[in-house]
Amino acid sequence: MAGEAAERRHLLDVDDLTREDVERVLETARSFSEVMRRPIKKVPSLRGKTVVNLFYEPSTRTRLSFEVAAKRLSADVLNFTASTSSVEKGESLKDTALTLRAMGVDAVVIRHPVAGTPWLLRRWLDVSVLNAGDGMHAHPTQALLDLFTMRERLGDLEGRTIAYVGDILHSRVARSGFKACLAMGMRVVAVAPPTLLPPVLPEGVEVSYDLDEVIPRCDVLYMLRVQKERLLEGRFPSPQEYSRFYQLNLERLRAARPGVVVMHPGPMNRGMEIASEVADAPHAAITAQVAAGVAVRMAVLFLLLGMGERGD
Amino acid sequence: MGFRIKAKVMEEDDIRRAVRRIAHEIVERNRGASDLVLVGIRTRGVPLSSRIAEAVASIEGVEVPVGRLDITLYRDDLHTLEQPVVRETYLPPDLEGKHVVIVDDVLYTGRSVRAAMDAIIDFGRPASIQLAVLVDRGHRELPIRADYVGKNLPTSREEKVKVALKEVDGEDAVYIGYPD
């Protein structure tokens with residue numbers, strides 16, 4: 001994430017990164033996972049830098065993960081939660097950005113329900129902006145931590161097959177994940193009922209409505225959270241019917257390849273998109289994803305903030 | 001950055017003798033090798049530390065644990081690097097009460113050694129930390145000195161010292177020269 005492009009001081013989506021950049025993030029993250037096993041899990045690399053977590057949407061794991069990552073690099077962390085801030089009094093995003101700029105922060109991690117907000121923020125701030133999820137659009141650090149987790153389990157990802165299963169229409173995890181997996185030379189299958197698929201998918205993504213047909217040829221089964229609020233939109237008839245066709249249960253797992261990796265971005269609806277026994281099975285890499293999240297976010301912060309002024 | 005050679009200051013045999021002498025000095029000063037740990041600073045400190053460990057084993061018949069340390073995360077000049085690359089670090093699990101010898105190829109400003117000491121202390125509390133270098137070229141910016149030196153090499157700041165080791169560079173030699 002060095003280099004000529006001014007964009008490289010930010011991480012807005014996976015498209016910002018070349019394959020070489022992705023490799024560098026994953027390699028650096030591997031070193032940071034070693035730091036996390038030390039007695040003192042902290043290094044001084046970002047001492048004196050300030051990172052703000054600007055969260056306009058509820059989040060536990062992503063916010064905590066960014067917070068832990070920044071603290072383990074010795075950065076100072078400010079947490080901003082919209083519901084307990086002046087946003088409640090009507091302060092605009094632009095005014096919040098100007099306040100942060102005046103305070104001299106070095107990086108802003110933003111999560112926002114509206115797609116494109118991190119790009120807007122980048123126009124007002126001359127510091128690094130990291131997208132921690134914008135609307136239904138992108139979630140680049142999730143895509144990177146998923147690649148890291150898959151690589152730890154499977155080794156080289158070239159030619160491997162991943163199925164994203166479930167609510168792809170509303171999933172920023174899947175949107176960034178598609179791009180990241182395709183960029184690493186993986187085959188990608190989107191498995192969902194037609195009502196939960198977006199009208200357009202990236203070139204190269206195969207579509208299937210039949211999970212049972214897809215499972216035996218996959219190296220990774222990536223189960224997406226069913227957003228229960230979507231039930232009200234009438235996207236599928238009932239939770240029972242959804243589970244019958246799209247839940248990963250033990251019976252379906254038996255049809256999978258022996259070393260198949262089961263992933264989920266969390267939080268899980270046990271018994272809905274994933275059976276509880278599957279979530280706890282050795283195939284599941286769900287807690288490994290959480291650990292990878294800290295290492296990958298440390299790597300991203302380190303690579304974006306650890307370098308000198310680049311004249312941009 | 002390129003390198004224009006002015007002179008070859010150590011040959012393969014010189015390096016071999018220096019490593020052996022350092023091993024003897026380490027054993028003598030620590031009264032044996034039972035509580036020793038050698039830690040090589042990446043990159044060339046790593047093969048040097050393995051060679052010293054082999055020499056100690058041949059002198060004392062004791063296998064000394066050897067660690068590898070990447071100091072990138074502890075550098076105080078991180079902001080000057082175009083693209084920092086972090087590599088693997090491995091230290092033996094228990095440093096408590098051990099005599100840790102940091103091994104590096106060249107001692108110059110002392111900043112790498114300071115970073116290495118910070119890193120080692122994050123892993124545990126050794127009884128002592130000592131420093132072994134193949135070449136001491138002077139120009140310290142911190143109050144740090146080496147306990148074991150292969151060769152003292154007075155240099156000007158404009159000069160560069162390049163240590164080549166078979167494991168990394170395919171030959172054993174030390175050159176003095178200028179950046180191209």
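In what follows, chains are A, B, ... by sequence order, proteins preceding strands, each numbered from 1. Below, all heavy atoms of this structure are taken into account, side chains as well, without hydrogens, waters or symmetry copies.
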J.: When you look at CD of B:Glu141, are more than 12 heavy atoms from neighbouring residues, nucleotides or ligands closer to it than 6.0 Å?
T.: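 Enclosed.
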
J.: If you round to the nearest 0.5 Å, how far is CG of B:Leu73 from CG of A:Leu73?
T.: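 These two atoms lie 7.5 Å from each other.
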
J.: Does A:Arg123, at its CZ atom, have more than 12 non-hydrogen atoms belonging to other residues, nucleotides or ligands within less than 6.0 Å?
T.: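 Not more than 12 within 6.0 Å, no.
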
J.: Tell me whether the count of non-hydrogen atoms from other residues, nucleotides or ligands lying under 6.0 Å of CZ in A:Arg47 goes above 12.
T.: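 Atom CZ in A:Arg47 is not crowded, with 12 or fewer foreign heavy atoms closer than 6.0 Å.
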
J.: Closer than 3.5 angstrom, by distance alone: can the side chain of A:Thr28 be matched with the main-chain N or O of B:Val86 as a donor-acceptor pair?
T.: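 Not at all, since once roles are kept as given, no pair shorter than 3.5 Å links the two residues.
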
J.: Taking salt bridge (charged side-chain N to carboxylate O under 4.0 Å, His left out) as the definition, give me every residue that meets it alongside B:Asp35, ordered by chain and number, with sequence neighbours left out.
T.: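 Once residues adjacent in sequence are excluded, B:Asp35 has no partner under the salt bridge (charged side-chain N to carboxylate O under 4.0 Å, His left out) criterion.
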
J.: Side chain, backbone, both or neither: which part of A:Lys41 has a heavy atom under 4.5 Å from chain B?
T.: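 Neither part.
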
J.: Take atom CZ in B:Arg87; do more than 12 heavy atoms of anything else shown fall under 6.0 Å from it?
T.: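 For B:Arg87, atom CZ is not crowded (no more than 12 foreign heavy atoms under 6.0 Å).
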
J.: Would you check if B:Tyr74 and A:Val43 make a side-chain contact, meaning some heavy-atom pair closer than 4.5 Å?
T.: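 Of all side-chain heavy-atom pairs linking A:Val43 with B:Tyr74, at least one is under 4.5 Å.
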
J.: How many angstroms lie between CG in B:Leu91 and CZ in A:Arg38, if you round to the nearest 0.5 Å?
T.: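 With rounding to 0.5 Å, CG (B:Leu91) is 7.5 Å from CZ (A:Arg38).
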
J.: Counting only heavy atoms not in A:Glu23 (residues, nucleotides, ligands), do more than 12 fall under 6.0 Å from its CD?
T.: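 More than 12 within 6.0 Å, yes.
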
J.: Taking it one step at a time, do B:Thr89 and A:Glu34 satisfy side-chain contact (heavy atoms from CB on, under 4.5 Å)?
T.: CA-CA 8 Å; B:Thr89 284; A:Glu34 178 270 313; 3.6 Å; yes

J.: Working to the nearest 0.5 angstrom, can you tell me the gap between A:Glu27 CD and B:Glu88 CD?
T.: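 Output value for this atom pair is 10.0 Å.
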
